Amino acid sequence: MQQLVLDMGLPAGPSLQNFSAGANEAALAHLKLWLGPAGTPRRSPVPTYLWGGNACGKTHLLKAMGEALQEQGARVGWLDAGVQVTPEFDESWACVLMDDVHAYSTAQQQLAFNWFVHAQTLQMAVLASGSLPPADLKLRDDLRTRLGGGHVFVLQALSEPERRAVLRQAADERGIALSGEVMDYMLTRFSRDLGSLMELLKLMDGYALQTRRAITIPLIKAMMDNT
């Protein structure tokens with residue numbers, strides 16, 4: 001069988017606009033308020049820490065803030081547990097972003113502490129995320145206390161009804177007739193985090209257009225066999 005090539009373009013990157021807040025509206029509003037319009041002074045750089053389980057949007061929000069700042073012409077420092085080669089602290093940064101702090105190695109904790117101290121000295125914002133509340137993080141004390149010393153928000157993953165509502169809206173915007181049966185199949189057979197589901201929806205739409213078929217469970221199975 002000839003394999004079909006789906007040229008779907010680059011997936012949309014994380015942004016504050018495409019973040020489905022659900023129960024996390026307070027955290028989103030806080031970040032938008034701090035960011036403000038381009039060219040306006042930013043508010044007091046009190047550290048902000050976001051925590052919660054998988055697929056609750058922590059990394060999405062950190063990356064979205066980084067993108068928003070860069071769109072405003074600012075530069076940011078980024079550190080996550082997978083970073084092996086880190087840049088030197090740069091006084092021209094507008095913000096320091098630290099993702100998945102719960103997984104930092106000893107060396108990364110030292111680096112994060114140093115960045116934190118430099119940032120606070122320069123009145124630079126720090127936005128961090130982890131899977132646990134600050135008090136429960138297995139990190140060095142001086143870093144843990146700083147992470148918990150500002151605004152702390154617990155994020156919650158979207159409920160299934162909320163996830164369905166977002167999928168339904170996205171399908172409607174694409175002009176897709178998404179049956180309840182297909183949605184059930186998507187939610188039970190694939191990763192349930194919203195980013196993966198939205199990418200699946202995009203692939204299904206492209207495959208349906210390419211094969212000139214309606215989106216059904218057999219079409220999804222055929223797509224998975226041919227991609």
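Quantities reported herein were computed from a predicted structural model and do not represent experimental measurements. All residue numbers refer to positions in the sequence shown, counting from 1.
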Trainee: Look up atom OG in Ser179 and atom CD1 in Ile217, then write down how far apart they are to the nearest 0.5 Å.
Mentor: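 It is 6.5 Å, given to the nearest 0.5 Å.
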Trainee: Within this structure, what is the CG-CG distance for the pair Leu97 and Leu69, rounded to the nearest 0.5 Å?
Mentor: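 Output value for this atom pair is 7.0 Å.
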Trainee: Suppose we screen for side chain to side chain donor-acceptor pair (under 3.5 Å). Which residues come up paired with Thr86, at least two apart in sequence or across chains?
Mentor: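 Side chain to side chain donor-acceptor pair (under 3.5 Å) check on Thr86 returns nothing, list empty.
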Trainee: For Ala177, enumerate each residue passing the side-chain contact (heavy atoms from CB on, under 4.5 Å) test, keeping only those at least two apart in sequence or located in another chain.
Mentor: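 side-chain contact (heavy atoms from CB on, under 4.5 Å) list for Ala177, sorted by chain: empty.
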Trainee: By side chain to side chain donor-acceptor pair (under 3.5 Å), which residues pair with Gln70, not counting sequence neighbours?
Mentor: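 Gln70 satisfies side chain to side chain donor-acceptor pair (under 3.5 Å) with no residue once adjacent residues are dropped.
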Trainee: For Arg140, enumerate each residue passing the salt bridge (Lys or Arg N to Asp or Glu O under 4.0 Å) test, keeping only those at least two apart in sequence or located in another chain.
Mentor: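 Partners of Arg140 under the salt bridge (Lys or Arg N to Asp or Glu O under 4.0 Å) test: Asp142.
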Trainee: If we only count heavy atoms from C-beta on, is the Tyr49 to Pro134 side-chain gap below 4.5 Å?
Mentor: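 Yes, their side chains come closer than 4.5 Å.
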Trainee: Suppose we screen for side-chain contact (heavy atoms from CB on, under 4.5 Å). Which residues come up paired with Thr106, at least two apart in sequence or across chains?
Mentor: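 Partners of Thr106 under the side-chain contact (heavy atoms from CB on, under 4.5 Å) test: none.
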Trainee: Could you tell me the separation between the CE atom of Met198 and the CE atom of Met186, rounded to the nearest 0.5 Å?
Mentor: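 Taking CE in Met198 and CE in Met186, the distance rounds to 9.0 Å.
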Trainee: Residues in ring-ring contact (aromatic ring centres under 6.0 Å, His included) with Phe116, at least two apart?
Mentor: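 With neighbours one apart ignored, the set is empty.
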Trainee: Glu160: what forms a salt bridge (Lys or Arg N to Asp or Glu O under 4.0 Å) with it, not counting sequence neighbours?
Mentor: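 Expected list: Arg164, Arg192.
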Trainee: Within the structure provided, determine whether Leu127 and Leu50 are in side-chain contact (heavy-atom separation under 4.5 Å).
Mentor: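 With C-beta onward as the side chain, the pair touches.
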Trainee: List the residues meeting side chain to side chain donor-acceptor pair (under 3.5 Å) with Asp141, not counting sequence neighbours, and say none if there are none.
Mentor: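 Testing Asp141 for side chain to side chain donor-acceptor pair (under 3.5 Å), a comparison that skips the adjacent residues, returns Arg144.
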Trainee: Heavy-atom distance under 4.5 Å between the side chains of Val126 and Thr48, does that happen here?
Mentor: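 No. Closest side-chain heavy atoms not under 4.5 Å.
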Trainee: Do side-chain atoms of Lys202 reach the backbone of Leu197 as a donor and acceptor pair under 3.5 angstrom?
Mentor: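 No, Lys202 side chain to Leu197 backbone: no donor-acceptor pair under 3.5 Å.
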Trainee: I'd like to check Gln120 versus Pro47 (side-chain heavy atoms, cut-off strictly below 4.5 Å). Are they in contact?
Mentor: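 The answer is yes; the side chains approach within 4.5 Å.
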Trainee: May I ask you to decide if Leu79's main-chain N or O and Tyr104's side chain share a donor-acceptor pair within less than 3.5 Å?
Mentor: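 A pair under 3.5 Å: yes.
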Trainee: Show every side-chain hydrogen bond (donor to acceptor under 3.5 Å, both in side chains) that has at least one partner inside residues 91-100, sequence neighbours left out.
Mentor: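 Only Thr59-Asp99, Arg75-Ser92, Asp90-Ser92, Asp99-Ser129 qualify under side-chain hydrogen bond (donor to acceptor under 3.5 Å, both in side chains).
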Trainee: Suppose we screen for ring-ring contact (aromatic ring centres under 6.0 Å, His included). Which residues come up paired with His30, at least two apart in sequence or across chains?
Mentor: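 Partners of His30 under the ring-ring contact (aromatic ring centres under 6.0 Å, His included) test: His151, Phe153.
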Trainee: Quick check: do Asp205 and Leu209 have side-chain heavy atoms less than 4.5 Å from each other?
Mentor: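 A side-chain contact exists here, since the closest heavy-atom pair is under 4.5 Å.
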Trainee: Is any side-chain heavy atom of Glu162 closer than 4.5 Å to a side-chain heavy atom of Val166?
Mentor: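 No - every pair of side-chain heavy atoms lies 4.5 Å or more apart.
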Trainee: Are side-chain heavy atoms of Val96 and Val76 found at a separation under 4.5 Å?
Mentor: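 Sidechains of Val76 and Val96: no contact.
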Trainee: Applying the side chain to side chain contact (heavy atoms under 4.5 Å, CB included) criterion to Phe89, which one of Leu111, Leu122, Asn114 satisfies it?
Mentor: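 Only match with Phe89 under side chain to side chain contact (heavy atoms under 4.5 Å, CB included): Leu122.
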Trainee: If you define the side chain from C-beta out and look only at heavy atoms, does anything of Leu155 sit under 4.5 Å from Trp51?
Mentor: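 Answer no - side chains too far apart.
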Trainee: Among residues at least two apart in sequence or on other chains, which ones pass side chain to side chain donor-acceptor pair (under 3.5 Å) with Ser196?
Mentor: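 Applying side chain to side chain donor-acceptor pair (under 3.5 Å) to Ser196 gives Asp193.
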Trainee: Under the criterion side chain to side chain donor-acceptor pair (under 3.5 Å), I'd like the reasoning laid out for His60 against Asn18: C-alpha separation, chi angles, the key distance, then a yes or no.
Mentor: CA-CA 9 Å; His60 182 117; Asn18 65 20; 3.0 Å; yes
Trainee: Keeping Gln108 on the side-chain end and Ala81 on the backbone end, is there a donor-acceptor pair under 3.5 Å?
Mentor: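 Such a contact is found between Gln108 side chain and Ala81 backbone.
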Trainee: Looking only at heavy atoms, which two atoms of Gly180 and Arg168 are closest? And how far apart?
Mentor: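 So the minimum-distance heavy-atom pair works out to N-NH2, 4.4 Å.
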Trainee: Could you go through Met204 and Val182, starting from their C-alpha distance and side-chain angles, then the distance that decides it, and tell me whether this counts as side-chain contact (heavy atoms from CB on, under 4.5 Å)?
Mentor: CA-CA 11 Å; Met204 288 162 44; Val182 167; 4.0 Å; yes
Trainee: With rounding to the nearest 0.5 Å, note down the distance linking CZ in Phe19 to NZ in Lys32.
Mentor: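 Rounded to the nearest 0.5 Å, the CZ-NZ separation comes to 10.0 Å.
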Trainee: For Pro218, give me all partners under side-chain contact (heavy atoms from CB on, under 4.5 Å), at least two apart in sequence or on another chain.
Mentor: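 Once residues adjacent in sequence are excluded, the partners of Pro218 under the side-chain contact (heavy atoms from CB on, under 4.5 Å) criterion are Arg213, Thr216.
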